[in-house]
Amino acid sequence: MSNINSPEYWDQVYESERGTGKRRIDSERLQYVIYEMINHQSNNPHEDAYRLLDVGCGNGEMLRLLHANLPEWKFYGIDITPKTIAWARAIDPQFDYRVMPAVDITLSTDFFDIVFCGETLEHLEGPEAAVFQMMRVLKPNGVLICSVPNERNNRSPEHINEFTVFDALKLTTGGDMTKLINVNVKCGGISTIWTTKKG
């Protein structure tokens, strides 16, 4: 199968979805991330600033919703899509958007409190490299939140990886399940969202 996940392809997808509601952020995933952000603040009350990076941010819907709930956080988003990132910058000048691939994140080491990667790893030819980069940019006490479709929901030509729940968890823990903070097999078992601590 050829990989259709080019910047041009996703720019076109994101442009077609603006204002249509097609790429709604489901409330279950949103509430999961908000819970983890609040939990992180409670466990790290003396941070001078809390920073979240959205890897594969697209049009920035998730960042806008998170900001509406936790405006004291600083928000960053990366995607491979130049036109979409330019559009998002114009809509959300308070956020730091960059054109950047998940497998080659050129942001500072030990910088973010939370990295969120929602429904992106299944599109990548190198998900292990992406996870390595996401862990690198996390602070030592930071957490990585990922969600992926499970094998029951992996019928898209955009998806070049298929994950069982165990495969997904192993990707971010290296098999050390003590690194897991939280796991939710959601939406009738078709998707998994989970949190892994750095270390």
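Residue indices begin at 1 and follow the sequence shown.
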Item to check | Within one Ile-Leu-Val-Met-Phe-Trp-Tyr cluster: Tyr35 and Leu144, side-chain cutoff 4.5 Å | outcome: no

Checklist entry - For Phe132, does the CZ atom have more than 12 heavy-atom neighbours from other residues, nucleotides or ligands under 6.0 Å away? => result no

Checklist outcome for this item: The ring pair (Phe, Tyr, Trp, His ring centres under 6.0 Å) partner of His67 among Phe95, Tyr76, Trp73 is Phe95

Checklist entry - Run the side chain to side chain contact (heavy atoms under 4.5 Å, CB included) check on Val143 and Met37 step by step: do they pass? => result CA-CA 9 Å; Val143 295; Met37 292 170 73; over 6 Å; no

Checklist entry - If you count the non-hydrogen atoms of other residues, nucleotides and ligands that lie under 6.0 Å from CD in Gln12, is the total more than 12? => result no

Item to check | Ionic contact status for Asp113 with Lys139, cut-off 4.0 Å | outcome: yes

Checklist entry - Between CZ of Arg89 and OH of Tyr97, what distance do you get to the nearest 0.5 Å? => result 10.5 Å

Checklist entry - Hey, does Phe75 have a side-chain heavy atom less than 4.5 Å from the side chain of Asp92? => result no

Checklist entry - Given side chains that start at C-beta, do those of Ile145 and Val115 come closer than 4.5 Å, heavy atoms only? => result no

Checklist entry - Are a donor atom and an acceptor atom from the side chains of Ser191 and Glu28 found within less than 3.5 Å of each other? => result no

Item to check | Pairwise side-chain contact, Met62 with Cys57, heavy-atom cut-off 4.5 Å (strictly under) | outcome: no

Next on the checklist: Nearest 0.5 angstrom please: Met100 CE to Ile105 CD1, how far?
Outcome noted: 7.5 Å

Checklist entry - Stepwise, does the side chain to side chain contact (heavy atoms under 4.5 Å, CB included) test hold for His159 with His123? => result CA-CA 5 Å; His159 296 175; His123 302 285; 3.4 Å; yes

Checklist outcome for this item: Shortest non-hydrogen pair, Met177 vs Thr173, comes out as SD-OG1, 3.8 Å

Checklist entry - Any side-chain heavy atom of Leu53 within less than 4.5 Å of one from Ile114? => result no

Next on the checklist: Does any part of the side chain of Cys146, heavy atoms only, come nearer than 4.5 Å to the side chain of Thr172, both counted from C-beta?
Outcome noted: yes

Next on the checklist: Could you walk me through whether Leu107 and Ile78 satisfy the side chain to side chain contact (heavy atoms under 4.5 Å, CB included) test, starting with their C-alpha distance in whole Å, then the side-chain angles of each, then the deciding distance to 0.1 Å, before giving a yes or no?
Outcome noted: CA-CA 10 Å; Leu107 298 170; Ile78 65 171; 4.3 Å; yes

Item to check | Distance, nearest 0.5 Å, that separates CD of Gln31 from CG of Leu65 | outcome: 9.5 Å

Next on the checklist: Just verifying a value: how many Å separate Thr192 OG1 and Leu169 CG, rounded to the nearest 0.5 Å?
Outcome noted: 7.0 Å

Checklist entry - If you take all heavy atoms of Ser108 and Arg136, which pair is closest and at what distance? => result C-NH1, 3.9 Å

Checklist entry - So Lys83 and Glu8, salt bridge (charged side-chain N to carboxylate O under 4.0 Å, His left out) or not? Walk me through it. => result CA-CA 9 Å; Lys83 291 179 182 177; Glu8 296 77 17; over 6 Å; no

Item to check | Rounded distance [0.5 Å steps], SG in Cys117 versus CD in Gln133 | outcome: 12.5 Å

Item to check | Test side chain to side chain contact (heavy atoms under 4.5 Å, CB included) applied to Leu66 and Ile34, step by step | outcome: CA-CA 7 Å; Leu66 293 174; Ile34 290 170; 3.7 Å; yes

Checklist entry - Looking only at atom types and distance, does a side-chain atom of Asn184 sit under 3.5 Å from a main-chain N or O of Ile193, one as donor and one as acceptor? => result no

Checklist entry - Looking only at heavy atoms, what is the nearest atom pair of Pro127 and Leu171, with distance? => result CB-CD2, 4.1 Å

Checklist entry - Can you check whether Asp79's main-chain N or O pairs, donor with acceptor, with Thr81's side chain at less than 3.5 Å? => result no

Checklist outcome for this item: For Phe112 and Leu52, the nearest pair of non-hydrogen atoms, with its separation, is CD2-C, 4.1 Å

Checklist entry - Have Asn39 and Ser42 got a donor and an acceptor in their side chains that come within less than 3.5 Å? => result no

Next on the checklist: Check for me, please, whether Val103 and Met135 land in the same ILVMFWY cluster - side-chain distances under 4.5 Å, paths through other members count.
Outcome noted: no

Next on the checklist: Could you list the cluster mates of Ile91? Members are the ILVMFWY residues connected by side-chain heavy atoms closer than 4.5 Å, either directly or through other members.
Outcome noted: Trp87

Checklist entry - Is it true that Asp110 and Lys198 make a salt bridge, defined as a side-chain N closer than 4.0 Å to a carboxylate O? => result yes

Checklist outcome for this item: Closest non-hydrogen atoms of Gly142 and His40, given as atom of the first, atom of the second and distance, are CA-CE1, 4.2 Å

Checklist entry - So which heavy atom on Ala102 is nearest to which on Val55, and how close? => result CB-CG1, 3.5 Å

Item to check | Interatomic spacing from CZ in Arg51 to CZ in Phe111 - rounded to 0.5 Å | outcome: 3.5 Å

Checklist entry - Is there side-chain contact between Val131 and Met134, with at least one heavy-atom pair below 4.5 Å? => result yes

Item to check | Donor + acceptor pair across side chains of Gln41, Glu72 (<3.5 Å) | outcome: yes

Next on the checklist: If the condition is side chain to side chain donor-acceptor pair (under 3.5 Å), which residues does Thr195 pass it with, not counting sequence neighbours?
Outcome noted: Tyr32, Glu36

Item to check | Asn5 and Trp10: side chain donor to acceptor below 3.5 Å | outcome: yes

